Amino acid sequence: MKKRLIQNVSLAPAATSPFPLLHLKPKAFLLHKLSESTNPILTNLLHTLTLKLGFASDTFTVNHLLISYVKLREVDTARKVFGEMREPNVVSWTSVISGFNDMGQPQTALSMFQEMHEDRSVPPNEYTFASVFKACSALAESRIGKCIHARLEISGLRSNTVVSSSLVDMYGKCNDVETARRVFDSMIGCGRNVVSWTSMITTYAQNARGHEAIELFRSFNAVSTSDRPNQFMLASVISASSSLGRLQWGKVAHGLVTRGGYESNNVVATSLLDMYSKCGSLSCAEKIFLNIRCHTVITYTSMIMAKAKHGFGEAAVKLFDEMVGKRIKPNYVTLLGVLHACSHSGLVNEGLEFLNSMAEKHGVIPDPRHYTCVVDMLGRSGRVDEAYDLAKTIEVGAEQGALLWGALLSAGRLHGRIEIVSEASKRLIQSDQQVTSAYIALSNAYAVAGGWEDSESLRLEMKRSGNVKERACSWIESKESVYVFHAGDLSCDESGEIERFLKDMEKQMKERGHRGSSSSSMITSSSVFIDVDEEAKEEMVNLHCERLALAYGLLHLPAGSTIRIMNNLRMCRDCHEAFKVISEIVQREIVVRDVNRFHCFKNGSCTCRDFW
DNA sequence: CTAGGGTTAG
């Protein structure tokens, strides 16, 4: 066995020269072989050879050994080798630190850096700092990151493009957009490259500040003479376009993808798929999906999500089966997609079945996010008590709890279950999460139940405590502009025309037998057309901002054009039904999408307000 | 000489 390996590995004759490496000295031979080894057995052998040939204390040679182990993802062996080094240098330290980064162990990377700091014999250099900031970024640890940033400042290292880019990224991942921007601005002296710009654009994109991301992308293109956007930057810009729901910008980015020849890049393709889906064009999303050659769990999950969001639950489940059939292993996000699909298409029993069997069948253990999805599903379909019973059994942290009880709150609201709304709101208020939404919901619930005084006093309480809710809104995109309609806002010039139009539409809908939602759900600001029979509630109709967006679109967009409505409200099945009826009446395609609220919580603290 | 930064699905 051993003999064969040696033959295979090191001294096998090559075509041109019988023994191409024999003329090399032992050390050069070791270095050469170590740098090209992609085989753990070979590296092990070279390890032995290093020791036998007496290079154990040669830092340079052992560094090669270390790096070889790191590349093979054998970071623990690398660490062991490192521990036996007589005189590790800065490269040795940095290699091990970045090895832990690559293995998804940023915590260990940081403690290695701390060890290095306490050891004092080897000061870190730019390479070390770049790796360490990457670790902080992975952990979203701005407190530690700031301390190390301070060490960098006093270390006397000249500012360096790579280090500064890693800093921008780190602050971005820690949701400290302003500091990220300050670092980015300070880079004017040391030179920015595509990576630096991408870091800053990504910072904006990932912190729900899509407009600034796009704006910065524009400046990059205006300012940069030699650098063109690459796949990293494009993926980020496309993702910013999706979170804004701006198909126009997404299409421009798609053009740049084609021009740059990045279409076959999976990451770019996935971001395009997601963008088309979120901007309302499921058919374009599907085109992208069908062009992907090498599918992964992410490409499938994205398409499953897309179908789910557009209400094609059965198709999403079918796609899931296809994926499993191809032996692509689903992960927890995939199952969220499937549950989402069931939830949005009324496949309640199927959804429950998925929840109960996912651990056994697919090896994914349901976590609070899956349960939240199912609570939402039960709630939408009217099985509010089951939703409540399920919610009570789930142990969650504050942030997840906010989503869980938020879902239940919507359910209670949707079905006029004041005691559920009240319970969910209280939990939200207690956990100090989404306090304003909870107050609003509670107040609305009181209002529906006729407790106008309670409702009024709650609103006063909110005003006193400074809880001002970001307003729900819907918007419609046309060529170059976006028209935003805020809840309760009828200030636009055409309001009279729009109201007349809506009244007429409601009449037509009734003639076609559309019942609309129950009157209690009017207050959810999710229902589209409803019977307005009580004067006292007239004012609330203004809450239905997607009606306004829709009417505006129908009145102003050219005949035959598709109308895309984005909103940041939670829509129920009735709304989708209503849009179908409207679509038939006006003979136009109407695409409605809930802006992904989840996105806003992705990195912690941002709010939906930043969309506008 | 050997080591470093940015991207996609909820």
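Residue numbers begin at 1 in each chain, while the letters A, B, ... track the order of the sequences. Fair warning: this is a prediction, and the values are worked out from it, not measured in the lab.
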- prompt: So what does Val70(A) hit on the nucleic acid, given a heavy-atom distance under 4.0 Å: a base, only sugar-phosphate, or nothing?
  reply: nothing

task: For the side chain of His64(A), starting at C-beta, report the closest nucleotide among dT2(B), dG6(B), dT7(B).
output: dT2(B)

message: Surrounding CD of Glu322(A) (heavy atoms of other residues, nucleotides or ligands, distance under 6.0 Å), is the total greater than 12?
response: yes

- line: Rounded to whole Å, CD1 of Ile288(A) lies from P of dT8(B) at a distance of 17 Å

- prompt: So, does the side chain of Asn160(A) form a donor-acceptor pair with the base of dG4(B) at under 3.5 Å?
  reply: yes

- prompt: Contact class for Tyr300(A) (heavy atom, under 4.0 Å): base, sugar-phosphate, or nothing?
  reply: nothing

field: Donor-acceptor pair under 3.5 Å, Ser166(A) side chain vs dG5(B) base
entry: no

- prompt: Which nucleotide sits closest to the side chain of Asp169(A): dG4(B), dG10(B), dT7(B)?
  reply: dT7(B)

query: Tell me: NE2 of His370(A) to P of dG10(B), nearest whole Å?
result: 13 Å

- request: Consider the side chain of Ala130(A), meaning its heavy atoms from C-beta on, and name the nucleotide among dG4(B), dA3(B), dG10(B) that approaches it most closely.
  value: dG4(B)

statement: Checking dT8(B), dT2(B), dG4(B) against the side chain of Val162(A) (C-beta onward), the nearest is dG4(B)

query: For Asn193(A), which contact category applies under a 4.0 Å heavy-atom criterion: base, sugar-phosphate, or nothing?
result: base

- request: Report yes or no: is there a donor-acceptor pair, N or O only, under 3.5 Å between the side chain of Asn331(A) and the base of dA9(B)?
  value: yes

query: Roughly how many Å is it from CG in Asp102(A) to P in dG5(B), rounded to a whole number?
result: 7 Å

message: Under 4.0 Å, heavy atoms only, any strand: does Val168(A) hit a base, just the sugar-phosphate, or nothing?
response: nothing

message: Base, sugar-phosphate or nothing for Thr270(A)? Non-hydrogen atoms, less than 4.0 Å.
response: base

message: Take a 6.0 Å sphere around CD1 of Ile365(A) and say whether it holds more than 12 heavy atoms from other residues, nucleotides or ligands.
response: no

message: With hydrogens left out and only the distance checked, is there a donor-acceptor pair under 3.5 Å joining Asn125(A)'s side chain and the base of dG4(B)?
response: no

message: Tell me whether the side-chain N or O atoms of Ser236(A) pair up with the base of dT7(B) as donor and acceptor below 3.5 Å, since no angle test is needed here.
response: no

- request: To the nearest Å, give me how far apart CE (Met275(A)) and P (dA9(B)) are.
  value: 12 Å

message: So, applying side-chain contact (heavy atoms from CB on, under 4.5 Å) with Val268(A), which one of Leu273(A), Ile288(A), Val257(A) is it?
response: Val257(A)

Nucleotide nearest Val90(A) (side chain, heavy atoms from C-beta), chosen from dG4(B), dG6(B), dA3(B): dA3(B)

Separation of atom CG in Asn101(A) from atom C1' in dG4(B), rounded to whole Å: 10 Å

query: Would Ser196(A) and Asn193(A) count as having a side-chain donor-acceptor pair, cut-off 3.5 Å?
result: yes

- request: Could you please name the option among dG4(B), dG5(B), dT7(B) that lies closest to any side-chain atom of Phe232(A)?
  value: dT7(B)

task: Determine the contact category for Thr161(A): base if any of its heavy atoms lies under 4.0 Å from a base atom, sugar-phosphate if only primed atoms, P, OP1 or OP2 are that close, otherwise nothing.
output: base

task: State whether Lys146(A) and Asp176(A) are salt-bridged, where the test is any N-O pair (Lys NZ or Arg NE/NH1/NH2 against Asp/Glu carboxylate O) under 4.0 Å.
output: yes

query: Nearest-Å distance, CZ (Phe133(A)) to P (dA3(B))?
result: 21 Å

- prompt: Val333(A) has a side chain; which of dA9(B), dG6(B), dG4(B) sits nearest to it?
  reply: dA9(B)

Close side-chain approach of Arg192(A) to Thr161(A), heavy-atom, < 4.5 Å: no

message: Please check if the number of heavy atoms outside Glu153(A) that lie under 6.0 Å from its CD is greater than 12.
response: yes

- prompt: Closer than 4.0 Å, any side-chain N/O of Gln206(A) to the OP1 or OP2 of dT7(B)?
  reply: yes

task: Would you indicate what Ser196(A) reaches in the nucleic acid, counting non-hydrogen atoms under 4.0 angstrom: base, sugar-phosphate, or nothing?
output: base

task: Would you mind telling me which of dT2(B), dG6(B), dG10(B) lies closest to the side-chain atoms of Asn230(A)?
output: dG6(B)

- prompt: Which is true for Ile298(A) with a 4.0 Å heavy-atom rule: it touches a base, it touches only sugar-phosphate, or it touches nothing?
  reply: base

- prompt: Is the shortest side-chain N/O distance from Lys134(A) to OP1 or OP2 of dA3(B) below 4.0 Å?
  reply: no

- prompt: In whole Å, what is the span from the CG atom of Asp227(A) to the P atom of dG6(B)?
  reply: 17 Å

message: What is the separation between atom OH on Tyr127(A) and atom C1' on dA3(B), rounded to the nearest whole Å?
response: 7 Å

